[in-house]
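Here the structure is a predicted model, which is why all the values come from computation and not from measurement.
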Amino acid sequence: MPDKVIMLGDIPVGIGMAPIILPDIDVFFNQDIDLAKEMIISLVGNGSKFIKAAVIHDPNIVLDDDTQELYYDHIAKRFVSERYRDLIERKVVPLDSYRILADLTHKLNAYLVLSVYDREGADFAVSAGAVALKIASSNITHKYLIDHVCDLGVPIIVDTGKASLEEISRAIGWIRAKDALSRIVIQHSPLAPPHDLKFHHLNMMKTLGEIFDVPFGLSDHHAGNEMMIAATALGACVLEKGVCPQNAGVDQDVAHAVPVNEFPTLLTECRNVFHALGTGMRFLDDIPVRRLDRMGLIAKVDLRVGSKISEKEVGFAWPPKGVGAEHWSEVEGYRLTRAVKSGHPINWSDIEAEDKTPRE
């Protein structure tokens with residue numbers, strides 16, 4: 001098993017291992033607990049081993065003032081604004097309701113990963129059986145929260161979002177000081193639509209892993225599946241993608257989320273890509289197919305007993321039913337022990353043994 005392996009439940013996370021894929025229902029269900037339950041049942045029923053969500057239980061994490069939040073309307077192709085406090089208030093879910101969702105996840109034999117935004121939410125997440133807690137990119141400077149999450153002793157996913165390297169390095173320093181560095185996965189989190197893909201910098205994901213010597217992953221904000229697939233090929237250990245209800249309307253982050261009914265396709269594609277990466281080497285014995293696209297020796301003309309194997313009388317054709325073309329230098333100049341008709345393969349049994357007929 002590779003170094004720096006982190007266990008999420010009984011599933012290992014590390015470089016070179018199959019990526020953990022986190023379908024993030026976040027708070028896309030907008031307080032509709034029945035809808036959230038339907039989403040969880042659908043995701044697990046279609047092969048997901050994890051459910052990712054966010055614990056937003058207290059509206060006071062946003063000031064009650066006129067601050068506006070902008071998010072992208074993927075239907076009208078424009079930004080819309082909403083009072084930030086109003087947005088949060090329509091997404092706040094009591095901890096008792098989160099407990100219902102956590103219990104359902106466990107009942108379905110899936111693992112729970114939760115983003116947390118305050119100390120109470122973090123404590124709840126651990127008590128609810130979350131196998132990892134996530135520090136959202138918006139909390140990369142929240143030392144109080146980071147310190148507390150480190151003290152809880154569970155694996156931590158650190159999302160770097162729009163953070164500068166200075167902010168990221170400082171947060172990792174806090175985690176190192178808490179002796180929790182061996183428990184973290186660092187996430188690259190590119191800009192969301194409508195930003196151009198030139199701002200995606202997907203290789204930053206690997207850079208973060210190399211700089212801080214920890215497993216790395218992607219929090220995907222692309223309106224499509226390509227970046228998840230590309231991140232799989234680049235060696236991501238954790239892949240996170242927002243999952244919204246089917247036919248979701250305009251809302252925060254919906255522009256880059258995948259509808260819940262489409263997630264199984266994404267899950268299959270990422271798993272197929274990882275499986276296809278292999279070991280970086282190919283051996284002939286590993287290929288379980290007949291090699292019809294290899295040539296073998298055939299008679300150009302009718303050959304009699306005693307005919308010499310030479311380029312004048314012997315040709316090559318697919319498939320290699322007799323002596324393979326790779327053996328030409330071994331058999332050139334030998335003589336035949338039996339006749340071979342034009343266009344027929346030359347078999348090893350047709351060739352005089354070397355100790356009987358020396359090469360000329």
Side-chain angles (χ1 to χ4, degrees), residues 1-22 24 48-50 52 110-116 122 125-126 129-137 139-140 143 145-161 163-190 201-220 227-241 270-271 273-281:
M1 188 174 290
D3 292 337
K4 304 188 188 319
V5 171
I6 299 169
M7 299 300 295
L8 298 191
D10 64 354
I11 300 179
V13 179
I15 302 298
M17 311 187 81
I20 297 297
I21 301 173
L22 303 177
D24 184 17
S48 180
K49 297 178 181 178
F50 290 86
K52 164 72 176 55
Y111 293 115
L112 187 65
V113 175
L114 293 172
S115 292
V116 295
V126 173
V131 296
L133 303 188
K134 178 173 174 178
I135 301 295
S137 59
N139 286 325
I140 197 75
K143 185 177 188 299
L145 178 62
I146 292 173
D147 283 349
H148 183 66
V149 170
C150 288
D151 289 339
L152 294 175
V154 297
I156 306 167
I157 298 173
V158 180
D159 193 331
T160 60
S164 66
L165 277 176
E166 180 182 15
E167 290 176 323
I168 298 168
S169 181
R170 182 173 58 191
I172 296 299
W174 295 334
I175 293 169
R176 183 182 289 110
K178 284 287 188 176
D179 198 27
L181 198 60
S182 62
R183 291 189 272 120
I184 78 163
V185 175
I186 196 164
Q187 275 187 330
H188 176 48
S189 184
H201 302 299
L202 200 57
N203 279 318
M204 178 67 174
M205 178 181 66
K206 294 179 67 177
T207 299
L208 290 170
E210 291 168 0
I211 289 175
F212 299 109
D213 195 25
V214 295
F216 59 86
L218 176 71
S219 178
D220 184 31
M227 298 306 114
M228 291 280 282
I229 293 169
T232 301
L234 287 171
C237 301
V238 172
L239 298 166
E240 180 181 341
K241 180 73 170 178
C270 290
R271 288 176 175 172
V273 168
F274 176 78
H275 185 65
L277 291 175
T279 62
M281 181 55 68

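- No side-chain heavy atom of Val131 sits less than 4.5 Å from a side-chain heavy atom of Ile11.
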Task: Intermediate values then yes/no, side chain to side chain contact (heavy atoms under 4.5 Å, CB included), Val238 and Phe216 - done: CA-CA 7 Å; Val238 172; Phe216 59 86; over 6 Å; no
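- Judged as a salt bridge (charged side-chain N to carboxylate O under 4.0 Å, His left out), the pairs with a partner in residues 201-220 (not counting sequence neighbours) are, in order, Lys4-Asp213, Asp220-Lys241.
- Partners of Ser115 under the side chain to side chain donor-acceptor pair (under 3.5 Å) rule, at least two apart in sequence or in another chain, are Lys52.
- Note: Ile135 CD1 to Thr160 OG1 = 13.0 Å, rounded to the nearest 0.5 Å.
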TODO: Starting from the C-alpha separation in whole Å, work towards a yes-or-no answer on side chain to side chain contact (heavy atoms under 4.5 Å, CB included) for Ile186 and Ile172.
DONE: CA-CA 9 Å; Ile186 196 164; Ile172 296 299; 4.1 Å; yes
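- Between the CG atom of Leu145 and the CH2 atom of Trp174 there is a distance of 10.5 Å, given to the nearest 0.5 Å.
- Every residue meeting the side-chain contact (heavy atoms from CB on, under 4.5 Å) condition with Ser137, not counting sequence neighbours, appears here in chain and number order: Asp159.
- Expressed to the nearest 0.5 Å, how far CG of Asn203 lies from CG of Leu208 amounts to 11.0 Å.
- Applying the side-chain contact (heavy atoms from CB on, under 4.5 Å) criterion to Ala122, with sequence neighbours excluded, gives Val116, Leu133, His148, Val149, Leu152.
- Taking the side chain as every heavy atom from C-beta outward, Ile156 and Lys134 never approach each other to under 4.5 Å.
- In terms of heavy atoms, Met228 sits closest to Thr232 at O-OG1, 2.8 Å.
- A search for ring-ring contact (aromatic ring centres under 6.0 Å, His included) contacts involving Phe50 returns Tyr111, not counting sequence neighbours.
- Here the CG atom belonging to Asp24 is positioned 7.5 Å from the OG atom belonging to Ser219, to the nearest 0.5 angstrom.
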Task: Verdict with reasoning, Cys237 to Ile15, per side chain to side chain contact (heavy atoms under 4.5 Å, CB included) - done: CA-CA 6 Å; Cys237 301; Ile15 302 298; 3.5 Å; yes
TODO: Verify side chain to side chain contact (heavy atoms under 4.5 Å, CB included) between Met227 and Leu218, making sure each step is shown before the conclusion.
DONE: CA-CA 9 Å; Met227 298 306 114; Leu218 176 71; 4.3 Å; yes
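- Taking every heavy atom of both residues into account, Gly16 and Phe274 meet most closely at O-CZ, 3.8 Å.
- For the residue pair Leu239 and Ala231, the shortest heavy atom distance occurs at CD2-CB, 3.5 Å.
- Of all non-hydrogen atoms in Gly217 and Ala236, the two that sit nearest each other are CA-CB, 4.1 Å.
- The CZ atom of Arg170 sits 9.0 Å away from the CD1 atom of Ile146 when rounded to the nearest 0.5 Å.
- Among residue pairs with one or both ends in residues 9-22, none qualify as salt bridge (charged side-chain N to carboxylate O under 4.0 Å, His left out); sequence neighbours excluded.
- In plain terms, the two heavy atoms of Ala233 and Val273 that are nearest each other are N-CG1, 4.2 Å.
- Side-chain atoms of Ser169 do not come within 3.5 Å of backbone N or O of Leu165 as any donor-acceptor pair.
- Every residue two or more places apart in sequence or in another chain that forms a side-chain contact (heavy atoms from CB on, under 4.5 Å) with Ala163 is listed here: Ile140, Glu167, Ile168.
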Show me the donor-acceptor pairs within less than 3.5 Å that the side chains of residues 175-185 make with the rest of the protein, sequence neighbours left out.
residue	atom	partner	partner atom	Å
Lys178	NZ	Asp151	OD1	3.1
Lys178	NZ	Asp151	OD2	3.2
Arg183	NH1	Val154	O	2.7
Arg183	NH2	Cys150	O	2.8

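- Of the possible polar contacts, one joining the His188 side chain to the His201 backbone as a donor-acceptor pair under 3.5 Å is found.
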